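Being a predicted model, the structure only gives us computed values, none of them experimental. Atoms within a ligand are numbered from 1 in the order they appear, just like the ligands themselves.
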Amino acid sequence: MTKLDTQLIQGSNRTDDANTGAIVPPLYFSTAFRHPGLGESTGYDYSRVTTPTRALLEDQLAAIEGGSHAFAVSSGMAAIDLVFGTFTKTGDSIIASDDLYGGTFRYFDTRRDRYNIPYRTWNGQNVADLVALLTPTTKLIWLESPSNPTMKIIDIQAVATAVHAVRPDVLIAVDNTFLTPVYQRPLTLGADVVVHSATKYLGGHNDLLAGAVVVQNAALAAQLAAQLTTTGQTLAPFDAWLLLRSLKTLAVRMRTHTANAQYLAAKLTALPGVAKLLYAGVGGMISFYLATGYSVDAFLRGLRVCSFAESLGSVETLVTVPTVQTHHDMPEKQRLALGITPQLIRVSVGLEDQDDLLADLTQAIAGAKA
Ligand SMILES: *Cc1c(COP(=O)(O)O)cnc(C)c1O
């Protein structure tokens, strides 16, 4: 099989059916497709159902995640909604790891309150505890690893093995936004569904909102396809093309994100203004607690290279305060139990020079001392 780096760069090429020899894939905007005659089709009819540029992207997403089918949608939340809309109905229940993207919890709350699909949480550590939470109504298990923002690691393979041994019908879905297929391929570890906010690392440039769902099972794919045709939250052709282009550099970007994050993690821990630092050891996301006596507001205002902004996974370094941004909607008690305190800072380490990043964070932290 083609290695991942080659697949990312070449996977969507050589697809120009007009034989121009174009190195990069063409972009088709057409929403309608002419039929040769009654009962005949080129394979394309109407773009909500399928369209050539999005189809290329979907093939590429399936290939890099080790899946058979992928669906490119308009945002990460649209991807989450596609999975829930397809696989859950009133009366079902779900189990989720306890430290998730804040918007995912907000989504789960609306499903619980409006559609009577309750959820229970698991702390991501002891798999036997998770198995004990299974009930006859459990339909789906939702995992994020490493977790957001406290960087807990879940053993996806152990979860899949233990759960499928007793309940092969329960679907295991993994939000793979943080590590991407460069570092983690949940479908190869036994998960049933992979979800991405492609707005983050897959897109990687802070200029594209997109999401993806990947499976390796034709029956699940047929259900997802039917749901997506019904609800229509598809990714537009230009955005699909832009995401294909972004994917070409995914592997190199991820390696540099990791190198920069490892460097910063090692250096920042030593600063007196940093009480504790959390890093999974791979990928570009680090979190740290600013020590007591250091002002979060002064730290943010002092940043010159890094930006205080709410997103992650791009070439630019972004600094987020989960308490007031990503996890604002979570009840305070739950936030604090997870370690999401007002002093917790999350850094999406970008691809700038690592010493420039270190100097910027160091001076901003020093300047935040009361
Ligand atoms: C951002 C994010 C989402 C939501 O994706 P959008 O593209 O913003 O809709 C879901 N999961 C994770 C882990 C995220 O970081």
Notebook entry, point to check: Are S197 and Y101 close enough that a side-chain donor and a side-chain acceptor fall under 3.5 Å?
Noted result: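 Result is no, nothing qualifies.
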Check: If you measure only the distance, is there a donor-acceptor pair under 3.5 Å linking the side chains of T88 and D92?
Finding: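 No donor-acceptor contact under 3.5 Å links the two side chains.
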Next item on the list: Before giving the answer on side-chain hydrogen bond (donor to acceptor under 3.5 Å, both in side chains), spell out for T110 and R114 the whole-Å C-alpha distance, their side-chain angles and the decisive distance to 0.1 Å.
Entry: CA-CA 6 Å; T110 57; R114 294 188 197 160; 5.5 Å; no
Notebook entry, point to check: Does the ring pair (Phe, Tyr, Trp, His ring centres under 6.0 Å) test come out yes or no for F84 and F108, once each step is laid out?
Noted result: CA-CA 9 Å; F84 267 78; F108 289 172; 5.2 Å; yes
Next item on the list: Output, in order, the C-alpha distance, side-chain angles, deciding distance and verdict of side-chain hydrogen bond (donor to acceptor under 3.5 Å, both in side chains) for D175 and T177.
Entry: CA-CA 6 Å; D175 183 330; T177 299; 2.6 Å; yes
Margin query: Using the rule given for side-chain hydrogen bond (donor to acceptor under 3.5 Å, both in side chains), can you reason through T341 versus Q343, listing the C-alpha separation, both sets of side-chain angles and the distance that settles it, and then say yes or no?
Written below: CA-CA 5 Å; T341 73; Q343 294 292 105; over 6 Å; no
For a distance cut-off of 3.5 Å, show me each N or O of ligand 1 paired with any protein N or O, plus the separation.
from	atom 1	to	atom 2	distance (Å)
ligand 1	5 (O)	S197	OG	3.0
ligand 1	7 (O)	G76	N	2.8
ligand 1	7 (O)	S197	OG	2.8
ligand 1	7 (O)	T199	OG1	2.6
ligand 1	9 (O)	G76	N	3.0
ligand 1	9 (O)	M77	N	2.9
ligand 1	11 (N)	D175	OD2	2.7
ligand 1	15 (O)	K200	NZ	2.7

